Amino acid sequence: MDKLTLYIGNKNYSSWSFRPWIALEGCGVPFEEVLIPFDFPGGNPRIRQVSPTGKVPLLDHDGFKLWESLAIIEYVAELFPHAGLLPGDRKDRALARAYGMEMLSGFRALRNACPMNMRRPVSRLDLPEGVMEDVARIETIWREARSRSGGPFLFGAFSGADAMFAPVVSRLERYDIDVAADTRDYMAAMKALPAWRKWEAAALEETWIVPEDEA
Ligand SMILES: N[C@@H](CCC(=O)N[C@@H](CS)C(=O)NCC(=O)O)C(=O)O
């Protein structure tokens, strides 16, 4: 049996950890998690011991180590081809990858202004320039994908493509950002996932505070 261990950061703050975690959990892939909290100013030295980039998430598969959230989702999708981590149709899979890469390389205004913080009481910030442009592009992606598939998720059933946007769902909610009704429907579908609830419940129990992520 393949043994998968996913190293993650704090559930409250670690948006990149959330992505592969909810992809695996939401698609029923068995794995163990090891949480290394960001509880030191300047980072936790234990992360460097396990991860060549000094960052999480990091997947260990029987001693083979892999970093980068999207690479982890892709790799596990190959290990478990029937788990639904990636859409079955080639064009859908290509779009899922394009969306995931947009997430990885873009939306910096939103990511910088609104760090993921699941414990944050819902309240608005004065949003700097660029944030609402990022939100508009994300809403367009979600709208186009869901009208193509029929929803409720981007490619019909929950997949790794949704996982790549999971922290954005939390940000839109916690920073009370104005979004359209269909965006709210998608957010509700994501938040109703048992995997979402499990991660969020654990995040709310955490007591570590990372001041730079408390916007
Ligand atoms: N592009 C990477 C980003 C990973 C990343 O930035 N991880 C953050 C946590 S969300 C981290 O480990 N930070 C620790 C540090 O910088 O000390 C991915 O997609 O996995």
Side-chain angles (χ1 to χ4, degrees), residues 4-27 29 31-61 64-79 85-86 96-120 134 138 141 154 159-175 190 195-196 198-200 202-215:
L4 297 178
T5 305
L6 187 67
Y7 291 84
I8 59 172
N10 309 31
K11 288 185 170 163
N12 187 55
Y13 299 112
S14 184
S15 60
W16 294 111
S17 302
F18 189 22
R19 292 172 168 99
W21 188 97
I22 195 169
L24 272 59
E25 181 76 20
C27 292
V29 172
F31 69 103
E32 269 178 25
E33 73 173 47
V34 175
L35 190 154
I36 306 180
F38 311 141
D39 56 352
F40 292 80
N44 187 329
R46 273 176 61 210
I47 299 179
R48 285 230 155 263
Q49 288 165 15
V50 293
S51 168
T53 56
K55 292 185 191 300
V56 280
L58 185 282
L59 181 77
D60 185 308
H61 174 213
F64 170 70
K65 288 184 170 190
L66 186 64
W67 58 99
E68 284 293 332
S69 50
L70 188 57
I72 293 170
I73 291 172
E74 291 266 354
Y75 180 74
V76 178
E78 287 195 26
L79 279 181
L85 273 140
L86 290 178
R97 290 186 177 112
Y99 295 151
M101 287 175 197
E102 270 195 80
M103 185 73 246
L104 273 161
S105 60
F107 307 127
R108 288 193 190 274
L110 173 65
R111 277 159 46 197
N112 291 341
C114 307
M116 188 175 94
N117 178 356
M118 289 193 136
R119 275 197 309 255
R120 184 178 204 275
D134 285 352
I138 289 166
I141 290 173
L154 298 180
S159 74
D162 302 286
M164 289 303 289
F165 287 104
V168 172
V169 170
S170 173
R171 288 169 161 117
L172 295 180
E173 180 198 27
R174 294 285 116 192
Y175 294 85
M190 288 287 281
W196 181 289
K198 191 170 167 185
W199 174 282
E200 186 178 52
L204 298 182
E205 292 283 303
E206 290 177 356
T207 51
W208 301 291
I209 304 285
V210 176
E212 55 271 32
D213 287 339
E214 294 285 335

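Each ligand, and each atom within it, is numbered from 1 in the order the structure gives. Just so you know, residue 1 is the first one in the sequence shown, and it goes up from there. Here the structure is a predicted model, which is why all the values come from computation and not from measurement.
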Any idea which atoms of ligand 1 are less than 4.0 Å away from a heavy-atom of Pro57?
20 (O)
In terms of atom number and element, which parts of ligand 1 are under 4.0 angstrom from non-hydrogen atoms of Leu104?
1 (N), 19 (O)
Ligand 1 and Ser69, any nitrogen or oxygen pair closer than 3.5 angstrom?
yes
List for me each residue that meets side chain to side chain donor-acceptor pair (under 3.5 Å) alongside Glu205, sequence neighbours excluded, and say none if there are none.
none
Check: Ile73 main-chain N/O paired with Arg19 side-chain donor or acceptor under 3.5 Å:
no
Can you spot which of Glu25, Glu200, Glu33 makes a salt bridge (charged side-chain N to carboxylate O under 4.0 Å, His left out) with Lys11?
Glu33
Residue-level breakdown please: for Phe38 versus ligand 1, do any non-hydrogen atoms fall below 4.0 Å on the side chain, on the backbone, on both, or on neither?
side chain
Check: Glu68 N/O within less than 3.5 Å of ligand 1 N/O
yes
Short N or O distance, Val56 and ligand 1, threshold 3.5 Å exclusive:
yes
For Ser17 and Gly9, indicate whether the former's side chain and the latter's backbone hold a donor-acceptor pair under 3.5 Å.
yes
Donor-acceptor pair, distance only, cut-off 3.5 Å: does the side chain of Asp134 make one with the backbone of Ala109?
yes
Hey, is Thr53 touching ligand 1 through its side chain, its backbone, both or neither, going by heavy atoms under 4.0 Å?
neither
Pair Val76, Phe31 - check side chain to side chain contact (heavy atoms under 4.5 Å, CB included), show working.
CA-CA 10 Å; Val76 178; Phe31 69 103; over 6 Å; no
Nearest protein heavy-atom contact for atom 10 (S) of ligand 1: which residue, which atom, what distance?
Ser14 OG, 3.2 Å
Has ligand 1 got any nitrogen or oxygen that is less than 3.5 angstrom from a nitrogen or oxygen of Lys55?
yes
Protein residue, atom and distance nearest to atom 17 (O) of ligand 1, heavy-atom basis
Gly54 O, 4.0 Å
What about the rings of Tyr7 and Trp67, do their centers lie closer together than 6.0 Å?
no
